[in-house]
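One structure below.
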Amino acid sequence: MSGKMKIVVLAKQVPDTRNVGKDAMKEDGTVNRSALPAIFNPEDMNALEQALRIKDRTGAEVLLLTMGPSRAADIVREGLFRGADGGVLLTDRKFAGADTLATSYALSQAIRKMAPDMIIAGRQAIDGDTAQVGPQVAEKLGMPQITYAEDILQVENGRVKVRRRLERGVETVVCPLPVLVTVTSSAPACRPRHAKQLMKYKRAATASELQEAPRPSDGCYVIPEWGYDQIGGDEKSYGMSGSPTKVKKIENIILSAKESRRLTSSDADIDSLVKELISSHTIG
């Protein structure tokens with residue numbers, strides 16, 4: 001591999017699922033993102049840290065790629081504050097309402113334009129929990145993938161060594177570049193914001209934001225906004241038209257605490273509890 005290595009981190013702005021209310025979903029089955037606080041997807045933060053560690057060791061260039069409405073530019077800004085070199089906001093009305101298939105198609109089209117040596121993403125997003133987007137992007141790009149990564153141990157001579165955390169243990173794998181890696185929450189947490197980065201990028205904004213709220217642009221990092229016109233592709237593969245997943249029914253399930261009972265450690269109390277659980281078919 002010649003020249004500076006380029007890493008693209010896939011990051012998503014997600015609704016904070018700790019604050020889900022009755023207005024969290026729209027009638028068409030899509031998430032009502034305007035009704036929920038937006039946060040940086042947690043496992044994507046783990047992915048960003050892995051990219052920044054590679055940058056520390058090799059001097060690689062780290063770029064973020066996120067898809068969403070204009071407010072998703074906050075994800076790029078957050079990455080810049082923590083050490084990333086730049087980022088792209090993928091935004092277009094044609095991309096709205098996308099399921100994992102349409103999302104991965106849009107991301108793969110943008111990645112082709114960015115031409116990275118490595119793509120790093122969180123294992124899954126907390127608003128969908130599908131863990132499908134990363135692998136789907138790799139398939140669309142015809143690129144090898146390593147999932148469930150806990151640590152990217154080494155990148156040299158055009159190869160990457162990764163430790164994976166699996167259900168029954170840990171394994172170490174080696175793969176040639178380019179490669180897509182998905183990172184789990186067991187990976188190291190992302191470093192905090194860096195004061196120098198914060199001062200450097202505190203005025204970072206998209207061209208749309210600068211137009212809506214004019215401000216001094218001298219020295220301001222302008223976050224690129226790419227839409228359909230910039231990444232091309234099959235228009236029918238984006239957004240709702242490219243999304244075969246359809247939500248047929250939504251139910252709000254409210255979990256409430258039931259009455260509690262304090263037991264002693266006596267054999268009689270324990271025996272009584274076991275019999276009660278068996279009779280209620282809680283245990284067999």
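Side chains included, hydrogens not; waters and symmetry mates left out as well; all remaining heavy atoms used. Residue numbers count from 1 along this sequence. Computed from a predicted structure; not experimentally measured.
- T66 and A11 make their closest contact through OG1-O, 2.8 Å (heavy atoms, listed as atom of the first residue, atom of the second, distance).
- The distance from the CD1 atom of I120 to the CD atom of E49 is 10.5 Å, given to the nearest 0.5 Å.
- A salt bridge links R193 to E78: one of the charged nitrogens lies within less than 4.0 Å of a carboxylate oxygen.
- Under the 4.5 Å side-chain heavy-atom criterion for ILVMFWY residues, a single connected hydrophobic cluster contains both I54 and L177.
- Under a 4.0 Å N-O distance rule, the pair R123/E150 does not qualify as a salt bridge.
- A distance of 7.5 Å separates CD of Q197 from CG of L80, quoted to the nearest 0.5 Å.
- When all heavy atoms of S70 and L89 are compared, the closest pair comes out as O-CD2, 4.0 Å.
- Side-chain N or O atoms of N46 include one that pairs as donor or acceptor with a backbone N or O of P188 at under 3.5 Å.
- Here the CH2-NZ distance, from W226 to K113, works out to 4.5 Å after rounding to the nearest 0.5 Å.
- Within 6.0 Å of CG on D267 lie no more than 12 heavy atoms contributed by other residues, nucleotides or ligands.
- T206 and S208 form no side-chain donor-acceptor contact under 3.5 Å, judged by distance and modelled atom types alone.
- In this structure, D127 pairs ionically with K12, as a charged nitrogen and a carboxylate oxygen lie closer than 4.0 Å.
- Between D56 and R191 a salt bridge is recorded (basic side-chain N to carboxylate O distance below 4.0 Å).
- A donor-acceptor pair under 3.5 Å is absent between the side-chain atoms of K55 and the main chain of I7, judged by distance alone.
- Atom NZ of K202 has 12 or fewer neighbouring heavy atoms from other residues, nucleotides or ligands inside a 6.0 Å radius.
- Within the model, atoms CG of L63 and CG of L10 stand 11.5 Å from one another, a figure rounded to the nearest 0.5 Å.
- Closest non-hydrogen pair, I231 versus A106, comes out as CD1-O, 3.7 Å.
- By the 6.0 Å contact criterion, CZ on R57 is enclosed, its count of non-hydrogen atoms from other residues, nucleotides or ligands being greater than 12.
- Looking at K140 and S104, their side chains do bring a donor and an acceptor atom within 3.5 Å of each other.
- In this structure, Y201 has its ring center no closer than 6.0 Å to that of F81.
- Inspection of the R164 and T147 side chains reveals an N or O donor paired with an N or O acceptor under 3.5 Å.
- Side-chain contact check for Q50 and R53: no donor-acceptor pair (N or O, by modelled atom type) lies under 3.5 Å.
- A51 and V62 make their closest contact through O-CG2, 3.6 Å (heavy atoms, listed as atom of the first residue, atom of the second, distance).
- The CG atom of L64 sits 9.0 Å away from the CG atom of D44 when rounded to the nearest 0.5 Å.
- S243 and T245 are not linked by any side-chain donor-acceptor pair at a separation below 3.5 angstrom, with hydrogens and angles left out of the test.
- Here CG of L180 is found 7.0 Å from CE of M143. Values are rounded to the nearest 0.5 Å.
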